[in-house]
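Here's the structure, in structure tokens; my notes come after.
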Amino acid sequence: MMIYDQLSRSNKKVNARGKVIKMYVCGPTVYDEPHLGHIKTYITFDVLAKYLRQKGYTVFYLQNITDIDDKIINRAEEIGVNALDLSKIFLRKYMNAMKYAKIDSVNFYAPATDHIREIIRQIRVLEGRNFTYRLPDGVYYRVWMDSNYGVLSGQKAEKLISGKRASVSDMKEDPRDFVLWKFKKKDSEPSWSSPWGEGRPGWHIEDTAIASKYFGNHYDLHGAGKDLIFPHHESELSIMSSLKGNTHVVDIWIYSGILKIKGEKMSKSENNFIPVSYLTDKYSPETIRMCFLSNNYGSETDFSDSLLEEARKNVDYISKAYQILHSASGKGSKIAVRNLFQIIEKEMDNDINTRNAIAGLIEVCSMIYKTKDNIDEDDAKYLISEIDKINSYLGIINIKEKEFSTNTIEKLIDLRDKLRKDKLYDESDIIRGALKESGIVIEDNHGKSGWHYEN
RNA sequence: GGAUAGGUGGCAGAGAGGUUAUGCGUAAGACUGCAGAUCUUAUUUAUUAGGGUUCGAAUCCCUACCUAUCCUCCA
């Protein structure tokens, strides 16, 4: 499988060495409601992890949680609560949002505050190699010592220096330098003791410390939203390279395109975000996944309701076709779709082209509809198993828990058919209406009436 | 200002030198007690503009214009 690597600006083969795939994705700073932008990014990496597993790889998917940060402290102060309590509240909301979108492929969530010791240890190693210096407000990282700084984002040192970076500490040796350990300012701030004094970790060192604890000095995939490339990942790359002595610390740097709304980036700081909670009642997880997987992960998406509506129709189309397969019986026609499944796999192997994979799946479904009254039972079983495989990573088929026995439903449909034959339509409509209330939709085709759960 | 992505039909969005993407929408038809779903056909030269390379360019090169992202916290 090939994935676009931001650092080399080319497609690279995943896990060329063929061992366990170590995958690290930057998690959120938990100071506000999770929103659709997060969902888009984490669906991307959920699909990637699940697809790799489906292909037979063992994937260890690690995600950090930034649960201590200026933003959290400021917000906590505004509303008068403890900073760590605040981050716990939003962490729970984040986890609920993940659950809603069926994002369940992460092996381990690592909160920063559980890794203070590792962070301090890593800063000490950097300190021993002269990569740090001390200012009144914290311990800083010396960027100029890394001549490669800027390779990931393409930022040039001179331009960055000449750029307006107003609010940074004037005392820094280099405007690009960033804080590794920030000293405590107020008593109300959460803090930990360190060799340099009471304080808390900087953002970039969190990830490098967590990654190195679980993965050592090299891993396969490092992902996030595109907005984290600079300065966050650039700085991570620098720290990791400084510790290791070379830049070969991550095989593939992978980024998902940001989510926009009305042409502008959706973000907490712009306050134009749609919280996940806004959708949970109106749309199924399958619909939201379909919505974001309907274009390629790397490109930006301008969010709108019509996008969701379109996604919902496609979810219905595929889900219904899938249900048709389950009612196939006896000997009938075989559907020649084997090569379509190969195409779908090829598209996924080509930098997770979910858009084309879904197009292929829609084509499979179209063929199911065309032969729906005469599908071979064994063929249907084969199709179901192939579609299950695809759905195991895409998660776009709405399979409702069966609340009623199929037998009961079919008996009611038989009864309704009899009434219809006698043209007792009022009575037959009562059955249809009653089933509808239970979330079961009847659709009459010539000959046989089909049914499916409402999506 | 610098850096990085892009600009494709009414809309959403793939493709990366040569064949219908696909979906939504729209129009007509088939089926039909109604409803819904599905199927068929159409939507006749959609690739920001202008140059160039080529037998052939959405696809490669140059120029211009436009948009977003990052350069400050961000998925």
Side-chain angles (χ1 to χ4, degrees), chain A residues 6 9 25-29 31-32 34-45 63 66 69-72 74 94 150 152-156 158-168 175-176 203 223-232 234 255-260 263-270 273 290-291 294-296 298-302 304 306-307 309-314 316-317 320-321 324 347 350 353-363 365-366 368-373 420 423-426 428-429 432-433 436 441-447 449-450 452:
Chain A
Q6 169 73 17
R9 322 259 152 151
V25 174
C26 280
T29 304
Y31 75 96
D32 208 336
H35 62 71
L36 294 184
H38 300 116
I39 292 288
K40 177 184 185 306
T41 294
Y42 297 123
I43 285 175
T44 296
F45 295 111
Q63 192 176 116
T66 301
D69 176 86
D70 282 357
K71 288 270 182 191
I72 295 169
N74 294 341
Y94 171 71
L152 185 68
S153 58
Q155 300 284 347
K156 303 236 170 23
E158 321 83 59
K159 302 295 181 191
L160 278 175
I161 291 164
S162 64
K164 290 265 177 278
R165 308 176 93 229
S167 62
V168 296
R176 299 173 299 168
W203 184 29
K226 272 192 172 137
D227 51 350
L228 292 200
I229 295 176
F230 190 91
H232 188 46
E234 192 72 63
Y255 297 96
S256 100
I258 50 123
L259 186 67
K260 301 193 294 183
E264 299 290 327
K265 181 185 173 188
M266 184 183 288
S267 75
K268 285 183 277 199
S269 43
E270 291 296 323
F273 65 86
M290 176 66 90
C291 179
S294 287
N295 60 37
N296 282 345
S299 49
E300 42 191 42
T301 297
D302 203 346
S304 68
S306 54
L307 234 48
E309 283 303 322
E310 192 181 320
R312 197 176 48 75
K313 281 171 189 159
N314 283 317
D316 285 355
Y317 186 83
K320 254 177 233 165
I324 286 170
E347 294 293 352
N350 178 24
N353 196 332
T354 50
R355 177 74 202 194
N356 283 353
I358 290 167
L361 189 56
I362 285 173
E363 211 172 316
C365 292
S366 167
I368 292 169
Y369 282 115
K370 278 175 206 167
T371 27
K372 68 176 167 182
D373 295 326
R420 288 178 67 222
K423 297 199 194 292
L424 295 167
Y425 296 121
D426 287 345
S428 73
D429 284 352
R432 183 166 65 184
K436 179 102 192 324
V441 180
I442 293 180
E443 282 163 4
D444 298 328
N445 312 303
H446 38 270
S449 298
H452 64 87

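A quick note: this is a predicted structure, and the numbers were derived from the prediction, not measured. Each chain gets a letter, A, B and so on, in the order the sequences are listed, and its residues count up from 1.
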Determine: side-chain N/O of [X] to OP1/OP2 of [N], distance under 4.0 Å, yes or no.
| X | N | value |
| --- | --- | --- |
| A:T29 | B:rA75 | yes |
| A:N295 | B:rA12 | no |
| A:N356 | B:rG13 | no |
| A:K372 | B:rA37 | no |
| A:K268 | B:rA75 | yes |
| A:K313 | B:rA37 | no |
| A:T354 | B:rG13 | no |
| A:Y317 | B:rC39 | yes |

Side chain [X] and base [N] donor-acceptor under 3.5 Å:
| X | N | answer |
| --- | --- | --- |
| A:R355 | B:rG23 | no |
| A:R176 | B:rC71 | no |
| A:K370 | B:rC39 | no |
| A:N314 | B:rC24 | no |

Backbone N/O of A:Y317 and side chain of A:Y369: donor-acceptor pair under 3.5 Å: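 Present.
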Would you mind pulling out the nucleotide paired to [N], Watson-Crick or G-U wobble, both distances under 3.5 Å?
| N | answer |
| --- | --- |
| B:rC70 | B:rG2 |
| B:rG29 | B:rC39 |
| B:rC65 | B:rG7 |

Taking the minimum atom-to-atom distance to the side chain of [X], which one of [options] wins?
| X | options | result |
| --- | --- | --- |
| A:D227 | B:rG23, B:rA35, B:rC70 | B:rC70 |
| A:C26 | B:rA75, B:rA14, B:rG23 | B:rA75 |
| A:T41 | B:rA75, B:rG23, B:rA14 | B:rA75 |
| A:D429 | B:rG33, B:rC70, B:rG13 | B:rG33 |
| A:Q155 | B:rC34, B:rG2, B:rG13 | B:rG2 |
| A:K320 | B:rA37, B:rA75, B:rA68 | B:rA37 |
| A:R420 | B:rG33, B:rC73, B:rA75 | B:rG33 |
| A:F230 | B:rG36, B:rC70, B:rA35 | B:rC70 |
| A:K260 | B:rU38, B:rA68, B:rA14 | B:rA68 |
| A:Y425 | B:rA75, B:rG33, B:rA21 | B:rG33 |

[atom1] atom, [N] versus [M]: distance in rounded Å?
| N | M | atom1 | result |
| --- | --- | --- | --- |
| B:rG10 | B:rG25 | C1' | 8 Å |
| B:rA58 | B:rG17 | P | 13 Å |
| B:rU38 | B:rC31 | C1' | 9 Å |
| B:rA28 | B:rU44 | C1' | 15 Å |
| B:rG15 | B:rG6 | P | 11 Å |

Test item: side-chain donor near acceptor, A:D69 and A:T29, under 3.5 Å: no
Whichever of A:S269 and A:K423 has its nearest RNA chain B nucleotide further upstream toward 5':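 The residue mapped nearer the 5' terminus is A:K423.
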Syn/anti label of B:rA37 as read from its glycosidic torsion, with the cut at 90° from 0: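 Anti for B:rA37; the angle lies over 90° from 0.
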Rounded to the nearest 0.5 Å, how far apart are [atom1] of [X] and [atom2] of [Y]?
| X | Y | atom1 | atom2 | result |
| --- | --- | --- | --- | --- |
| A:R355 | A:S294 | CZ | OG | 5.0 Å |
| A:E443 | A:R432 | CD | CZ | 10.0 Å |
| A:D429 | A:L424 | CG | CG | 11.0 Å |

Euclidean distance, atom [atom1] of residue [X] to atom [atom2] of [N] [Å, nearest integer]:
| X | N | atom1 | atom2 | answer |
| --- | --- | --- | --- | --- |
| A:N296 | B:rA16 | CG | C1' | 13 Å |
| A:D302 | B:rU8 | CG | P | 12 Å |
| A:I442 | B:rU38 | CD1 | C1' | 17 Å |
| A:I258 | B:rC73 | CD1 | P | 17 Å |

